[in-house]
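Working notes, beginning with the structure itself.
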Amino acid sequence: MRNIRLFLLSVVAALLVSCGTTSTVPITGRKQNLLVSDEQVLSLSNQQYREYMQSAKRSTDAANTEMVKRVGQRLASAVVSYLNNNGLGSEVSQYQWEFNLVQDKQVNAFCMPGGKIVVYEGLLPVTRDEASLAIVLGHEIAHAVAKHSAERLSNAYKQQYGVNILSAVAAGAGVSSGVQQLGQVALGLGSKAFTAGFSRSQESEADHMGLIFAAMAGYDPQVAVAFWQRMSSATGGGSSSIFSDHPTDNTRIRHIREWMPEAKKYYKPSVTVTAASKSTGRRRTVERTIHIKSK
């Protein structure tokens, strides 16, 4: 009888893994199995985002707030263009991009599914310039585009189902109640499912994708190395870093250097030019993206 129950456990576990949908992460091409739909994730995240912003204090620094929004929207436009041009236009409708700067001294930022991104004021002294800020925001946008929160929720559901199935089988097999209780720790699926640390593999994937997104938006990806070196110094190696379950700083920088040749292929620098208005004759400054062919 015990062998039959263990066999049923293995069958149910296999069925659980086979459920859901298989998705491909843009840029990296990694396959992921998702048990939750975009609609379910967005419903949860939008509610929690509204609750967070009701209690958060928005930055009173108009210039920095405008910078965060400007850099964020420029990245978002580049990402939307990439999705549309690569057969992923159906994904675009789920993003309602929003970029906010809040009063908090932490060197931190976080992303919610659907394109809701928050930057803490404490991060800006470390980014120092718009290109480095683009590296951070590109990373955050990558979490949303790669559906890391949906993946994390799916994994949590799999674990919870496994715990419940295991408890039922264990009870039928005569396992003591004390042992069963060890396997019945509830998995918290509140805001932590979205804003707490992603896995190291997800963080690394977001580094990779974010570097390329920044390059697509016309920001020099080469600033990423110096930025992460500053982050390492600012956080003492990362214990209170922007990402709570991140690769080591040395590993992150090494990977970024490895991805740099790929990122440079997407880099189309934006330059500021001065043009005269035909109607007024006055000169005005505009930003244009120029396309430079690689030699």
Side-chain angles (χ1 to χ4, degrees), residues 25-28 41-42 45-46 48-49 52-53 56 58-59 64-65 67-80 82-83 91-92 94-102 104 106-124 126-127 129-152 191-217 219 221 223-224 227-228 230-231 235 238 240-247 252 255-256 259 263:
V25 179
I27 304 292
T28 67
V41 174
L42 291 174
S45 66
N46 287 338
Q48 293 182 358
Y49 177 75
Y52 171 81
M53 290 307 300
R58 296 175 186 266
S59 174
N64 282 340
T65 296
M67 176 182 66
V68 168
K69 293 181 182 296
R70 180 176 65 252
V71 175
Q73 288 298 333
R74 184 162 146 184
L75 280 157
S77 295
V79 169
V80 168
Y82 171 82
L83 294 175
E91 301 286 316
V92 172
Q94 70 177 282
Y95 300 110
Q96 300 295 322
W97 303 103
E98 190 171 325
F99 302 88
N100 284 297
L101 181 64
V102 301
D104 197 306
Q106 294 183 67
V107 183
N108 207 351
F110 68 82
C111 171
M112 301 288 274
K116 301 296 190 291
I117 294 173
V118 173
V119 176
Y120 294 178
E121 286 183 325
L123 179 66
L124 298 185
V126 183
T127 56
D129 54 54
E130 292 194 17
S132 296
L133 177 61
I135 297 299
V136 176
L137 295 184
H139 176 108
E140 296 299 342
I141 288 173
H143 277 310
V145 173
K147 301 185 180 182
H148 285 163
S149 290
E151 189 172 30
R152 191 163 182 261
S191 60
K192 289 182 179 180
F194 301 109
T195 61
F198 294 100
S199 70
R200 288 191 177 186
S201 61
Q202 288 177 330
E203 289 293 353
S204 185
E205 186 169 61
D207 280 346
H208 184 183
M209 296 172 65
L211 187 70
I212 291 175
F213 288 160
M216 288 178 179
Y219 294 104
V223 305
F227 164 69
W228 283 113
R230 293 197 299 273
M231 278 293 295
T235 61
S240 59
S241 155
I242 184 173
F243 313 117
S244 58
D245 194 6
H246 55 288
R252 169 168 268 151
H255 285 163
I256 286 173
W259 297 320

If we only count heavy atoms from C-beta on, is the [X] to [Y] side-chain gap below 4.5 Å?
X    : Y    : result
R152 : V41  : no
F99  : V71  : no
V107 : Y120 : no
V25  : M209 : yes
W259 : D207 : yes

**Report entry** side chain to side chain contact (heavy atoms under 4.5 Å, CB included) evaluation trace for N64 with E121
**Finding:** CA-CA 9 Å; N64 282 340; E121 286 183 325; over 6 Å; no

To the closest 0.5 Å, what do you measure between [atom1] ([X]) and [atom2] ([Y])?
X    : Y    : atom1 : atom2 : result
S45  : M112 : OG    : CE    : 5.5 Å
Y219 : L75  : OH    : CG    : 6.0 Å
D129 : M67  : CG    : CE    : 9.0 Å
E98  : N46  : CD    : CG    : 9.5 Å
I117 : I141 : CD1   : CD1   : 4.5 Å

Nearest atoms (heavy-atom pairs only) where [X] meets [Y]:
X    : Y    : value
A217 : R74  : O-NE, 2.8 Å
Y82  : M216 : CD1-CE, 3.2 Å
R230 : V126 : NE-O, 2.8 Å
A146 : E205 : CB-OE1, 4.1 Å
A224 : I135 : CB-CD1, 3.9 Å
Y95  : V145 : OH-CA, 3.2 Å

Query - Short side-chain to backbone donor-acceptor contact, S77 and Q73, under 3.5 Å - result: yes

Requested in this report: Please check if the side chain of T127 supplies one atom and the backbone of L124 the other of a donor-acceptor pair under 3.5 Å.
Outcome: yes

Report task. For L42 and K116, run side chain to side chain contact (heavy atoms under 4.5 Å, CB included): C-alpha distance rounded to whole Å, both residues' side-chain angles, the deciding distance at 0.1 Å, then the answer. Result -> CA-CA 10 Å; L42 291 174; K116 301 296 190 291; over 6 Å; no

Query raised in the report: Can we say R70 and E130 salt-bridge, meaning some charged N sits less than 4.0 Å from an Asp/Glu carboxylate O?
Result: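 Yes, R70 and E130 are salt-bridged.
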
Report task. Before giving the answer on side chain to side chain contact (heavy atoms under 4.5 Å, CB included), spell out for V119 and V136 the whole-Å C-alpha distance, their side-chain angles and the decisive distance to 0.1 Å. Result -> CA-CA 9 Å; V119 176; V136 176; 5.8 Å; no

Query raised in the report: Regarding Y49 and N100, is there a side-chain donor-to-acceptor distance under 3.5 Å anywhere?
Result: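 Side-chain D/A pair, Y49 to N100: present.
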
Query raised in the report: Is the closest side-chain donor-acceptor distance between H148 and E203 under 3.5 Å?
Result: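 Per modelled atom types, H148 and E203 side chains form no pair under 3.5 Å.
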
Query raised in the report: Which of parallel (below 30°), tilted (30 to 60°) and perpendicular (above 60°) describes H139 and H143?
Result: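 Taking H143 first and then H139, their aromatic rings stand perpendicular (interplane angle over 60°).
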
Query raised in the report: In terms of the angle between their ring planes, are Y52 and F110 parallel, tilted or perpendicular, with boundaries placed at 30° and 60°?
Result: perpendicular

